[in-house]
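Working notes, beginning with the structure itself.
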Amino acid sequence: MGDTKFDGIVFVDTWQELNILRYVGRVIHILCRKGNMGFTFQDTHYNISSGDYVILPNAAFASDFSASDDFQGILMNLSEAFVTSIAIRSNYGIIGHLSLLRNPVMRLSERDFRICEAALRYLRMRMEEEKHFFREELLGSLLTAHILDLYDIHARSHKDLQVSERVTSLLRNFIELLYNGEYVRNRDLESYASRLCITPHYLSEICKKISGKPASYWIERFTMQEITRLLRRKELSLTEIAERMNFSSVSYFSRYVQKRINLSPSEYRKNCWRNCKIYR
């Protein structure tokens, strides 16, 4: 699998090794050097080519990896705990995070490609030094430098986004509520705004400014991601899924799904089993 026992950062050599079961909840970085690669992220399919940099903020939302025979890339997995531990002192993280949830692909210039490729190669090389007394701190510093370069690349293409400390904090708390599964208990915008001590209108406005989508979009997207994940589990009945997702009835659950993907839960499930190679 990887060339090191350090779990905070794991490099893999082939796209097949991006094992979604093993890396659920981790962050995936992919630098495409040659050829093409495809994957599905939050029900949208992407195809990347040489010069593209992909960041998947949560590997649980990714599936269906494939690649051309000539594909070459640098594939890196990061644990969320390790990324959090390096504590980058910048408000830009939440801006990039929301943007990447919407579109995880960045097109690099030749200069930025060389910088990213060199940083990843050097990081992997230093990971081999297992007897380094300060190995984890060293790797954290190198990863920090690389992430700041990625922030710079993203910020240069989103110059219009300037966010205050308060807005950053609100958005971070909102996204954390979603990642913690709050959408199972509450799917109405008012409940999130109340938790954050702001108005529903203000919450939607700041989400739209940063991500191009209102807060309700993100609540719905996280909800449907979990619903479709559960529908892929053959052992769960529709009644069980509806109960897990806190719907008052199977009929209400079915209407909710039908309205958002134009398929009933049963139809979606049949299509998945028949046509899709699913990573769960």
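Ring pair Tyr183/Phe222 is tilted by interplanar angle, where 30° to 60° counts as tilted.
A donor-acceptor pair is defined here as one N or O able to donate and one able to accept, closer than 3.5 Å; such a pair exists between the side chain of Arg269 and the backbone of Arg233. Side-chain N or O atoms of Asn103 include one that pairs as donor or acceptor with a backbone N or O of Val105 at under 3.5 Å. Ser68 places no side-chain N or O within donor-acceptor distance of the main-chain N or O of Gly35, the cut-off being under 3.5 Å. Looking only at distances, a side-chain donor or acceptor of Asn180 sits under 3.5 Å from a matching main-chain atom of Glu176. When atom types are taken as modelled, the side chain of Ser85 and the backbone of Phe82 share a donor-acceptor pair closer than 3.5 angstrom.
Minimum interatomic distance between Asn246 and Arg185 (heavy atoms only, all atoms of both residues): ND2-O, 3.6 Å. What you find for Pro200 and Ala193 is that their closest heavy atoms are N-CB, 3.5 Å. Residues Gly51 and Arg107 share a closest heavy-atom pair of C-NH1, 3.7 Å. Residues Met106 and Leu150 approach most closely at CE-CD2, 3.9 Å, considering heavy atoms. Taking both residues in full, the closest heavy atoms of Glu182 and Tyr192 are given as C-OH, 3.3 Å, listed atom of the first, atom of the second, then distance. When all heavy atoms of Ile219 and Leu178 are compared, the closest pair comes out as CA-CD2, 4.0 Å.
Remark: Arg126 engages Glu129 in a salt bridge, criterion side-chain N to carboxylate O under 4.0 Å. Taking a cutoff of 4.0 Å between a charged side-chain nitrogen and a carboxylate oxygen, Glu267 and Lys270 do not qualify as a salt bridge.
Put simply, the side chain of Asp52 does not reach to within 4.5 Å of the side chain of Tyr46, judged on heavy atoms. The shortest side-chain heavy-atom distance between Gln225 and Phe41 does not fall under the 4.5 Å cut-off. Taking 4.5 Å as the limit, some side-chain heavy atom of Arg135 sits within range of a side-chain heavy atom of Leu139. In this structure, the side chains of Pro57 and Tyr179 come closer than 4.5 Å at one or more pairs of heavy atoms. Residues Val54 and Cys32 have side chains not in contact (no heavy-atom distance under 4.5 Å, counting atoms from C-beta outward). Counting heavy atoms from C-beta on, the side chains of Asn36 and Asn47 never come closer than 4.5 Å. Residues Pro265 and Ile241 have side chains not in contact (no heavy-atom distance under 4.5 Å, counting atoms from C-beta outward). Residues Val27 and Ile55 are in side-chain contact: their nearest non-hydrogen atoms beyond the backbone lie under 4.5 Å apart.
In the hydrophobic clustering of this structure, Ile115 does not group with Leu143; members are Ile, Leu, Val, Met, Phe, Trp, Tyr whose side-chain heavy atoms approach within less than 4.5 Å, directly or through other members.
Between atom CG of residue Leu236 and atom CG of residue Leu231 there is a gap of 9.0 Å, rounded to the nearest 0.5 Å. The structure places OG1 of Thr199 at 10.5 Å from CD of Glu190, a figure rounded to the nearest 0.5 Å. Note that the OG atom of Ser204 and the CG atom of Leu189 stand 4.5 Å from one another [nearest 0.5 Å]. Distance check, rounded to the nearest 0.5 Å: CG of Leu56 to CZ of Phe65 gives 5.5 Å. Rounding to the nearest 0.5 Å gives a distance of 12.0 Å between SG of Cys197 and CG of Leu203. The CG atom of Leu196 lies 8.5 Å from the OG atom of Ser169; values are rounded to the nearest 0.5 Å.
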Step-by-step side-chain contact (heavy atoms from CB on, under 4.5 Å) determination, Leu75 to Asp13
CA-CA 7 Å; Leu75 315 175; Asp13 297 309; over 6 Å; no
Passes side-chain contact (heavy atoms from CB on, under 4.5 Å), Ser266 versus Leu238? Steps please.
CA-CA 8 Å; Ser266 297; Leu238 295 184; 3.4 Å; yes
Verify side-chain contact (heavy atoms from CB on, under 4.5 Å) between Phe11 and His29, making sure each step is shown before the conclusion.
CA-CA 9 Å; Phe11 284 94; His29 286 230; over 6 Å; no
Between Ser249 and Ser251, does a side chain to side chain donor-acceptor pair (under 3.5 Å) hold up when you go through it step by step?
CA-CA 5 Å; Ser249 66; Ser251 60; 3.0 Å; yes
Walk me through it: do Ile227 and Phe253 pass the test side-chain contact (heavy atoms from CB on, under 4.5 Å)?
CA-CA 10 Å; Ile227 287 173; Phe253 168 70; 3.8 Å; yes
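Every pair passing side-chain hydrogen bond (donor to acceptor under 3.5 Å, both in side chains) that includes a residue from residues 253-262 is listed here, sequence neighbours excluded: Glu220-Arg260.
Partners of Glu117 under the side chain to side chain contact (heavy atoms under 4.5 Å, CB included) rule, at least two apart in sequence or in another chain, are Leu31, Arg33, Ile74, Phe113, Arg121. For Phe71, the ring pair (Phe, Tyr, Trp, His ring centres under 6.0 Å) criterion is met by no residue, not counting sequence neighbours.
Aromatic ring centres of Tyr53 and His146 lie closer together than 6.0 Å.
Counted within 6.0 Å of NE2 on His132, heavy atoms from surrounding residues, nucleotides or ligands total more than 12; the atom is thus considered enclosed.
At a cut-off of 3.5 Å, with distance as the only test, no side-chain donor of Thr239 or Ser237 sits close to an acceptor on the other residue.
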